[in-house]
Amino acid sequence: MCTVSWLSRPDGYELFFNRDERRDRPARGPELLRTGAVRYLAPHDAEAGGTWIAVNEFGVTVSMTNQYPDPVPPAPRDPVSRGLLLQSLVDARSPAVVEDRAHRLDLTRFRPFAIAAFAPTAPPLILRWDGRTLGVERSPEDGFVLTSSGASPPGLEAIRRTVFAEAVARGGWSAETLAAVHRSHLPERGPLSVCMHRPEASTVSSCHISVTSNAGIAFRYTPGPPCLTTEEPARHLDRADRLARS
């Protein structure tokens, strides 16, 4: 389920996210919402609630992929949707706040996941919950791939990292290069491709979030397989620090 890649900029970052899911799972595209005093943009999982990606007015993006560790951990007795966990983090002002909150939660109620958090002025962060322990990775390199699938081989992440590395070697580090890979069927159309296709599931949407100091925040959403579907007009959100200076 899902593939995340990113590119840093001097004044922010670009983030790309393909969501792999059942074709019939209902969802809504990004909306401008508020939790407390914090505004954010996020799509909505209409089946289980919550979201899989969100960006707030501080320029902080949180995103989540399901994980499938080996060995498989015991199933939670009273499981809670992982999308609701991410929903509880959408107002965080930094990746450090995301990490602190995650350590304070009772994660035994959630199936395995990985959360990637980004901010304009802080290094990225990855939190991986394998059902037993919470691992932390700070400052992953540009273009890193965070990915998973419940029906693909254990080496899927390495395969997709190679696909991205080869694309960057050909086209250089750019948002255009990453966007092209997220639309592609590399290495071949099917369960391994970045734009994924299986009989029961596929890449059902794609997100592109841009955060810069001058242009603010833009959320571009493709409501279907990006190999076939036209991207919707961008939704915009002013950054809180820009509002404070105006």
Between [Y] and [X], do the side chains contain a donor N or O and an acceptor N or O under 3.5 Å apart?
{"X": "Asn214", "Y": "Thr212", "value": "no"}
{"X": "Tyr13", "Y": "Thr61", "value": "yes"}
{"X": "Thr3", "Y": "His182", "value": "no"}
{"X": "Asn66", "Y": "Arg82", "value": "yes"}
{"X": "His44", "Y": "Glu31", "value": "no"}
{"X": "Glu232", "Y": "Thr230", "value": "no"}

Chi angles and distances behind the ring-ring contact (aromatic ring centres under 6.0 Å, His included) call for Trp129, Phe110: CA-CA 9 Å; Trp129 169 247; Phe110 300 95; 8.6 Å; no
Stepwise side-chain contact (heavy atoms from CB on, under 4.5 Å) test for Trp52 and Ser63: CA-CA 6 Å; Trp52 58 95; Ser63 64; over 6 Å; no
Can you check whether [X] reaches [Y] side chain to side chain, under 4.5 Å on heavy atoms?
{"X": "Cys195", "Y": "Arg183", "answer": "no"}
{"X": "Arg19", "Y": "Thr203", "answer": "no"}
{"X": "Arg220", "Y": "Cys207", "answer": "no"}
{"X": "Glu188", "Y": "Ser193", "answer": "no"}

Please determine whether salt bridge (charged side-chain N to carboxylate O under 4.0 Å, His left out) holds for the pair Asp11 and Arg239, giving the CA-CA distance in whole Å, both sets of side-chain angles, and the decisive distance to 0.1 Å. CA-CA 12 Å; Asp11 62 344; Arg239 279 178 54 175; over 6 Å; no
Provide the closest heavy-atom pair for Ala92 versus Phe58 in the form atom of the first, atom of the second, distance. O-CD1, 4.5 Å
Test side-chain contact (heavy atoms from CB on, under 4.5 Å) applied to [X] - qualifying residues, sequence neighbours left out:
{"X": "Ala48", "result": "Arg25, Asp45, Ser81"}
{"X": "Ser206", "result": "Asn18, Thr222, Pro226"}
{"X": "His236", "result": "Ala218, Ala234"}

Residue pair Val62, Ile53: steps toward the side-chain contact (heavy atoms from CB on, under 4.5 Å) verdict: CA-CA 6 Å; Val62 288; Ile53 188 168; over 6 Å; no
Kindly write out the residues that satisfy side chain to side chain donor-acceptor pair (under 3.5 Å) with Arg93, not counting sequence neighbours, or none if the list is empty. none
By side chain to side chain donor-acceptor pair (under 3.5 Å), which residues pair with Arg22, not counting sequence neighbours? Asp24, Glu47
Judged by atom type as modelled, is there a donor-acceptor pair below 3.5 Å linking the side chain of [X] to the main-chain atoms of [Y]?
{"X": "Asn56", "Y": "Val90", "value": "yes"}
{"X": "Thr177", "Y": "Trp173", "value": "no"}
{"X": "Thr51", "Y": "Gln87", "value": "no"}
{"X": "Arg111", "Y": "Asp130", "value": "no"}
{"X": "Ser94", "Y": "Val97", "value": "yes"}

Pair Glu99-Arg138, side-chain contact (heavy atoms from CB on, under 4.5 Å): steps then yes or no: CA-CA 10 Å; Glu99 180 181 359; Arg138 296 179 179 86; 2.6 Å; yes
I'd like to check the ring-ring contact (aromatic ring centres under 6.0 Å, His included) partners of His103; sequence neighbours left out, ordered by chain and number.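 With sequence neighbours excluded, His103 shows a ring-ring contact (aromatic ring centres under 6.0 Å, His included) to no residue whatsoever.
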Report the C-alpha separation of Val136 and Ile126 in whole Å, then their side-chain angles, then the decisive distance to 0.1 Å, and conclude whether the side-chain contact (heavy atoms from CB on, under 4.5 Å) test is met. CA-CA 6 Å; Val136 180; Ile126 302 177; over 6 Å; no
Pair Glu14, Arg9 - check salt bridge (charged side-chain N to carboxylate O under 4.0 Å, His left out), show working. CA-CA 8 Å; Glu14 308 262 358; Arg9 295 190 178 281; 2.8 Å; yes
